[in-house]
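What follows is a set of notes on a single structure, which appears directly below.
Both counts, for ligands and for their atoms, begin at 1 and track the order of listing. Heavy atoms only: backbone and side chains are in, while hydrogens, waters and symmetry mates are out.
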Amino acid sequence: MSEKKHDLQECSETYLARALDRLDLDDPMRRLLRTSYREIKFELPLRRDDGSFSVFQGYRVQHDSSRGPFKGGTRFHPDITMGHHRGLAQLMTWKTALVDIPFGGAKGGIDCDPRELSDREVEELTKQFTRRLSRLLGPDVDIPAPDVGTGEREMAWIYEAYSRQHGHQPAVVTGKPVSLGGSVGRTEATGRGVALFTAWAAETEGLDLDGASIAIQGFGNVGRNAAKFLEERGARIVALGDSKRTLYREDGIDVAALLESLEDREKKSRIPDIDDAEERGRDEVLTLDVDVLIPAAIEGVITADNVGDVSAKLIVEGANSPIHCDADQELEERGVRVIPDILANAGGVTVSYLEWVQNRARYRWKRDRVECEQEEILRRGWDAVRERAEKEEIGYRPAAYVIAVERVVEAIRLRGF
Ligand code: NAD
């Protein structure tokens, strides 16, 4: 894997530009789609446990809200930049439009390393972040969610800090603990969506999922749940990769038993040792001779440097932007089918939407209903992309972008701004 930093903004702009070239849009509309509605950067002073002060930067990029309130994750990571958030916020706009849920796109966070802060410090920082942004958030304005470095604990703090100023508002944030109005099925929603798209794409491409070999990079929330649901559908998970190594087993890894063996399922994202599995280099998971590859760890892992060694027939982007745009072009030329992130990992934001719907109705749904609604929404998204790709004889990514951009443009035109 190339160690060069992945430029997510460059790639999201490239994919958008390719879609715009297929659509007949005037310059002001192109500009509107490319630029953020609002970008906010603000300081966050924090009194540390030892009595000293630290100052962090908070960010929120709101890209587009023509189809509904801004929606997007909250990332706590020391390396975040405005450009990165800009790219991720755009991805959210296209993702919500593609699966046709009534939201726009946003992303934000704090440039901190939560592992170096105490629980009290993270709580104070999260609440301070919410208070500073409070007038720009709201169930009908902008709805944060978890992302790298945050989870349901931080979402509960956002809910609390916002509600102190605005009254009881569970729908201001999604990904909350179920006991505070979170939805059942949210934790596994993204991985379940990845598995569903893999199954539908395999069927379309004439690949029998029963016994098909699959390699998955990432054993966190997305990777492990995708592995679990695909194993249940008869697939053979031959390789799993994490930040340290790849574990390979030709006959298939027993994912259910592996998950059962984990002591703390939610927190551990490293793969435990597996009997009979071969240990390989970290990045080998990407270049194994398999039917399906699911990069579900981090951004920019398939680049111009290693794309020539990728031999899967189908790639399903569980992570955001795991394929650099240069490598994507080569894969398309080689006829490798790629299910793009804006579709493949949209299962999470779809159940976030269902959480928001339940909160607004002050009602809770059972798991069956959540799963059924999620599957219906994702299936409509898949059918639209497949039909467009077939009709125009293009890849799934350009088809997905064209549909998403068309929907946003239609909303802008109908609303008249
Ligand atoms: P996670 O933190 O739970 O797990 C990440 C996994 O990636 C871990 O197994 C980690 O060991 C592995 N990893 C980290 N660095 C690596 C490296 N250099 N090489 C190989 N593996 C590495 O994260 P997650 O929630 O599973 O999210 C994974 C990706 O999916 C991210 O890109 C995230 O933005 C995207 N995503 C997540 C959700 C969600 O609901 N969790 C929704 C949409 C998109």
Side-chain angles (χ1 to χ4, degrees), residues 1-6 8 11 71-77 79-80 84-85 87-89 91-92 94-96 98-99 105 107 109 114-115 144-152 155 174-175 182-183 185-194 197 215-228 239-247 258-259 262 264-272 280-287 293-303 306 316-323 339-353 355 374 378:
M1 185 195 310
S2 164
E3 293 301 327
K4 184 174 164 279
K5 205 156 172 43
H6 178 58
L8 196 141
C11 287
K71 181 91 189 83
T74 312
R75 182 170 293 204
F76 288 1
H77 194 280
D79 295 338
I80 61 176
H84 207 81
H85 276 109
L88 288 165
L91 281 185
M92 286 304 295
W94 313 133
K95 200 178 291 188
T96 52
L98 188 58
V99 291
K107 209 79 178 191
R115 290 168 306 184
D147 195 81
V148 176
T150 63
E152 57 179 38
M155 301 308 110
T174 59
S183 181
R186 175 62 187 90
T187 307
E188 55 275 42
T190 307
R192 181 169 185 264
V194 168
F197 287 119
I216 301 179
Q217 186 194 43
F219 192 64
N221 175 288
V222 182
R224 72 178 54 179
N225 282 302
K228 172 179 164 278
L240 291 170
D242 66 13
S243 57
K244 297 283 178 229
R245 59 183 180 167
T246 293
L247 288 174
L258 188 66
L259 291 175
L262 296 180
D264 184 347
R265 278 186 188 219
E266 294 312 320
K267 288 200 178 134
K268 277 186 82 171
S269 58
R270 296 280 308 281
I271 311 163
R280 308 245 184 126
R282 183 188 69 179
D283 300 339
E284 274 193 59
V285 66
L286 301 167
T287 53
L293 170 63
I294 302 180
I298 56 164
E299 295 144 14
V301 293
I302 299 175
T303 66
N306 65 357
V316 183
E317 292 188 320
N320 284 319
S321 198
I323 302 177
I339 311 300
D341 48 8
I342 57 170
L343 186 65
N345 67 37
V349 72
T350 299
V351 175
S352 278
Y353 162 58
E355 177 178 336
Q374 182 201 23
L378 297 182

task = May I ask whether R186 places a heavy atom under 4.0 Å from ligand 1?
result = yes
inquiry  = Looking at D242 and R245, would you say the former's side chain and the latter's main chain have a donor-acceptor pair under 3.5 Å?
reply    = yes
message = Please check: side-chain N/O of N221 versus main-chain N/O of A189, any donor-acceptor pairing under 3.5 Å?
response = no
request  = For the residue pair S352 and R186, confirm or rule out a side-chain donor-acceptor distance under 3.5 Å.
outcome  = yes
ask   = Is V222 close to ligand 1, meaning an N/O of one under 3.5 Å from an N/O of the other?
value = yes
inquiry  = Using a plain distance cutoff, I'd like to know if D283 has any nitrogen or oxygen under 3.5 Å from a nitrogen or oxygen of ligand 1.
reply    = no
ask   = Any idea which of A297, G218, A319 brings a heavy atom closest to atom 28 (C) of ligand 1?
value = A297
request  = Check T190 against ligand 1 and report side chain, backbone, both or neither, counting heavy atoms closer than 4.0 Å.
outcome  = side chain
inquiry  = Run N320 and K95 through side chain to side chain donor-acceptor pair (under 3.5 Å) and show every step you take.
reply    = CA-CA 11 Å; N320 284 319; K95 200 178 291 188; 3.1 Å; yes
inquiry  = Checking the side chain of T246 only, and the main-chain atoms of G281 only, is there a donor and an acceptor separated by less than 3.5 Å?
reply    = yes
task = Would you check the N or O atoms of N345, main chain and side chain alike, for any that come under 3.5 Å of an N or O of ligand 1?
result = no
Atom indices of ligand 1 within 4.0 angstrom of G220 heavy atoms, with elements = 1 (P), 3 (O), 4 (O), 6 (C), 8 (C), 9 (O), 26 (O)
request  = Would you mind running through ligand 1 and noting each atom that sits below 4.0 Å from a heavy atom of N320?
outcome  = 32 (O), 34 (O), 35 (C), 44 (C)
Pairwise distance CG(L240) to CD1(I271) - rounded to 0.5 angstrom = 5.0 Å
inquiry  = Heavy-atom contact check, 4.0 Å cutoff: does Q217 meet ligand 1?
reply    = yes
remark   = Nearest heavy-atom contact between P272 and L262 is CG-CD2, 3.5 Å
remark   = A student checking ligand 1 against R282 at a 4.0 Å heavy-atom cut-off should list atoms 18 (N), 19 (N)
inquiry  = Could you tell me, atom by atom, which parts of ligand 1 come under 4.0 Å of a heavy atom of I298?
reply    = 14 (C), 15 (N), 17 (C), 18 (N)
ask   = Backbone N or O of G347 within a donor-acceptor pair of the Q374 side chain at under 3.5 Å?
value = yes
query = Purely on distance, is any nitrogen or oxygen of R270 under 3.5 Å from one on ligand 1?
reply = no
query = Any donor and acceptor pair, going by atom type alone, linking the side chain of N225 with main-chain N or O of T190 inside 3.5 Å?
reply = no
remark   = Only one of E355, K71, E152 passes side-chain hydrogen bond (donor to acceptor under 3.5 Å, both in side chains) with T174, and that residue is K71
query = Any N/O of F219 closer than 3.5 Å to an N/O of ligand 1?
reply = yes
message = Quick check on A296 - does any of its heavy atoms sit under 4.0 Å from an atom of ligand 1?
response = yes
Per-residue contact class, E299 against ligand 1 - non-hydrogen pairs under 4.0 Å = neither
